[in-house]
Student: 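Please find one structure pasted underneath; my questions will follow.
Numbering starts at 1 and runs along the sequence shown.
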Amino acid sequence: MKIAVAIPCYKVKKHVLNVISRIPAIVDRIYAVDDACPESSGKWIEEHGNDPRLVVLYNDENQGVGGAVLKAYKEALADGMDIIVKVDGDGQMAPELIPLFIKPIMNSQCDYTKGNRFFRLESLESMPRVRLLGNAALSFITKASCGYWNIMDPTNGYTAIHSAILRELPLEKISKRYFFETDMLFRLNTVRAVVRDVPMDSLYEDEKSNLHIKTVLPEFIKNNMKRLVKRYGYSYWLRDFNIASIYSVLGALLLCISAIFGGYHWLIGNLNNELNSSGTVMLAALPVIIGFQFLIAFLQFDMANVPSEPLAPQLDSEIAEKN
């Protein structure tokens, strides 16, 4: 299989050549994408990079990490690459781990791999506390929005994907900036691709992050909620209708009925200075209990519905039959 590496380059001039020099020999092509970098990292790589596998690409305008990676993805597909690994150019991701990321895909165990910095407790010691808390806070809502409950560290940018899966994704619709990794997971779930974690450690030296928590946090939450609603509608109403669809509707309906009924009688009781009867209280409480049970059942079904059969081998066989 032909292996390619995509390296988005934006203010990484100090580290990127070292990253490129450490990429193992099993990689056939290296795409370094200058994302309108103010340091002219693309020119720097062309002048000082001597790796024959190296191809430098340019974005006319800054499109964020997603825009740079998508540029490399399209070039890799055009060049007939089979697996594309995304590695940052700032030195935070060890290129020596690339074999670990591509092996499960090559062995048809999954369609997409991503790093997991939370697998080993020792690896968390080097992670800045702000990043640690931010990743932990976003993990649950991201799992809910993308549907991959079996993974951790969902915003990790060290990834590898099979080209057959990449061709199935609407690349023009994928978010191009900091929501890129999360949106990729959402899109992967829509085609039922199998995702697998790869344990890794992050390296933090003197590089500065271009991510501003206060700016992107509201956008992360808003976008995750949008993806959650879309995934629910697509998975449980458009593509399929099953017992979980009924659980979700009945659970939400019972909670609404309880809120309206209980709220009304509580208000009337306060206005009249009267206590509600035990029967009224039970009629208000019972739908809450049953409603929560329905929603928990829906959540259990959703967690068990994580894709488990790799899609890439099937797509490859279909292509082979056509040829």
Student: For F261, does the CZ atom sit with more than 12 other heavy atoms under 6.0 Å from it, leaving out its own atoms?
Tutor: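 Enclosed.
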Student: Side chain of K71, backbone of Y58: donor and acceptor closer than 3.5 Å?
Tutor: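 Judged by distance alone, yes, a pair lies under 3.5 Å.
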Student: Hey, are the side chains of Y234 and T190 touching, using non-hydrogen atoms and a 4.5 Å cut-off?
Tutor: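 Side-chain contact under 4.5 Å: yes.
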Student: Hey, is the main chain of F241 close enough, under 3.5 Å, to the side chain of S245 for a donor-acceptor pair?
Tutor: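 Absent.
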Student: With no hydrogens and no angle check, just 3.5 Å: does a side-chain donor-acceptor pair link S248 and Y232?
Tutor: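 Per modelled atom types, S248 and Y232 side chains form a pair under 3.5 Å.
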Student: Using a 3.5 Å distance criterion without hydrogens, assess whether the side chain of D79 forms a donor-acceptor pair with backbone atoms of M81.
Tutor: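 No; zero donor-acceptor contacts below 3.5 Å.
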Student: Ignoring hydrogens and angles, tell me if any N or O in the side chain of R53 forms a donor-acceptor pair with the backbone of V27 under 3.5 Å.
Tutor: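 Yes, R53 side chain to V27 backbone: donor-acceptor pair under 3.5 Å.
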Student: In Å and rounded to the nearest 0.5 Å, what is the OH to OG distance from Y73 to S163?
Tutor: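 Here the rounded value is 11.5 Å.
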Student: Evaluate the side-chain proximity of L54 to I45: yes if any heavy-atom separation is below 4.5 Å, no if none is.
Tutor: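 SC-SC contact between I45 and L54 confirmed.
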Student: Between R192 and E309, is the closest basic N to carboxylate O distance under 4.0 Å?
Tutor: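 Judged by the 4.0 Å cut-off on N to carboxylate O distance, E309 and R192 do not form a salt bridge.
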Student: Decide if atom CD1 of I26 counts as having more than 12 heavy atoms of other residues, nucleotides or ligands within a radius under 6.0 Å.
Tutor: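 Atom CD1 in I26 is crowded, with more than 12 foreign heavy atoms closer than 6.0 Å.
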Student: Same cluster for L57 and V19 if Ile/Leu/Val/Met/Phe/Trp/Tyr side chains link at under 4.5 Å?
Tutor: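 Different hydrophobic clusters.
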Student: Under 3.5 Å, side chain of D82 to main-chain N/O of M1, donor-acceptor pair present?
Tutor: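 Such a contact is absent between D82 side chain and M1 backbone.
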Student: Give a yes or no answer on whether the side chain of N62 reaches the backbone of A36 with a donor-acceptor pair at less than 3.5 Å.
Tutor: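 Not at all, since once roles are kept as given, no pair shorter than 3.5 Å links the two residues.
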Student: Quick one: does T182's side chain have a donor or acceptor within less than 3.5 Å of a partner on T155's backbone?
Tutor: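 Pair absent, no side-chain N/O of T182 close to backbone of T155.
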Student: If you count every heavy atom of other residues, nucleotides or ligands that lies below 6.0 Å from W266 atom CH2, does the total exceed 12?
Tutor: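 No, because the 6.0 Å sphere around CH2 of W266 holds 12 heavy atoms or fewer from other groups.
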Student: When you measure from the centre of the six-membered ring of W44, is the NZ or CZ of K13 closer than 6.0 Å and no more than 45° off the axis?
Tutor: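 Here K13 passes the 6.0 Å and 45° test against W44.
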Student: Quick one, L70 with F180, criterion side-chain contact (heavy atoms from CB on, under 4.5 Å). Give me CA distance, side-chain angles, the key distance, then yes/no.
Tutor: CA-CA 10 Å; L70 290 171; F180 170 71; 4.1 Å; yes
Student: Mind checking side chain to side chain donor-acceptor pair (under 3.5 Å) for Y236 and listing every partner two or more places apart, or none if nothing turns up?
Tutor: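 With neighbours one apart ignored, the set is D302.
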Student: Just checking, any donor-acceptor pair under 3.5 angstrom between side chains of S145 and N224?
Tutor: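 Side chains of S145 and N224: pair found under 3.5 Å.
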Student: Contact between C146 and P154 at the side-chain level, heavy atoms closer than 4.5 Å - yes or no?
Tutor: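 In short, these two side chains do not touch, never coming nearer than 4.5 Å.
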Student: Looking at E96, I want to see if its CD is surrounded by more than 12 non-hydrogen atoms of other residues, nucleotides or ligands under 6.0 Å.
Tutor: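 For E96, atom CD is crowded (more than 12 foreign heavy atoms under 6.0 Å).
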Student: Quick one about N59 and D35 (side-chain donor to acceptor, distance below 3.5 Å, no hydrogens or angles considered), yes or no?
Tutor: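 Per modelled atom types, D35 and N59 side chains form a pair under 3.5 Å.
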Student: Does either side chain, that of T280 or that of S277, offer a donor lying less than 3.5 Å from an acceptor on the other one?
Tutor: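 Yes.
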Student: When you measure from the side chain of S108 to the backbone N and O of P313, does any donor-acceptor pair fall under 3.5 Å?
Tutor: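 No.
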Student: Just so I know, are the side chains of M184 and T159 near enough to count as touching, which here means a heavy-atom distance under 4.5 Å?
Tutor: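 No - every pair of side-chain heavy atoms lies 4.5 Å or more apart.
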Student: Rounded to the nearest 0.5 Å, how far does OG1 of T113 lie from OH of Y158?
Tutor: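 Here the rounded value is 9.0 Å.
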Student: Donor-acceptor check, side chain of S21 to backbone of N18, threshold 3.5 angstrom: yes or no?
Tutor: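 Side chain of S21 to backbone of N18: a pair is present.
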Student: Is there a path of hydrophobic side-chain contacts, each under 4.5 Å between heavy atoms of I, L, V, M, F, W or Y residues, that connects I30 with I102?
Tutor: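 Per the 4.5 Å side-chain linkage, I30 and I102 are co-clustered.
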Student: Does the side chain of V306 come within less than 4.5 Å of N189's, by heavy atoms?
Tutor: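 In short, these two side chains do not touch, never coming nearer than 4.5 Å.
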Student: Less than 4.0 angstrom from a charged side-chain N to a carboxylate O is my criterion; do D153 and R117 meet it?
Tutor: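 Salt bridge between D153 and R117, a charged N being under 4.0 Å from a carboxylate O: yes.
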Student: Between the side chain of S258 and the main-chain N/O of A284, is any donor-acceptor distance below 3.5 Å?
Tutor: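 Side chain of S258 to backbone of A284, a donor-acceptor pair under 3.5 Å: yes, one is there.
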Student: Just checking K176: does its NZ atom have more than 12 heavy atoms from other residues, nucleotides or ligands closer to it than 6.0 angstrom?
Tutor: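 Incorrect, the count does not exceed 12.
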Student: So do the side chains of N116 and N156 get within less than 4.5 Å of each other, counting heavy atoms only?
Tutor: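 N116 vs N156: side chains apart.
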Student: Strictly by modelled atom types, are D88 and H15 linked by a side-chain donor-acceptor pair under 3.5 Å?
Tutor: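 No, because no side-chain N or O of D88 sits under 3.5 Å from a partner of the opposite role on H15.
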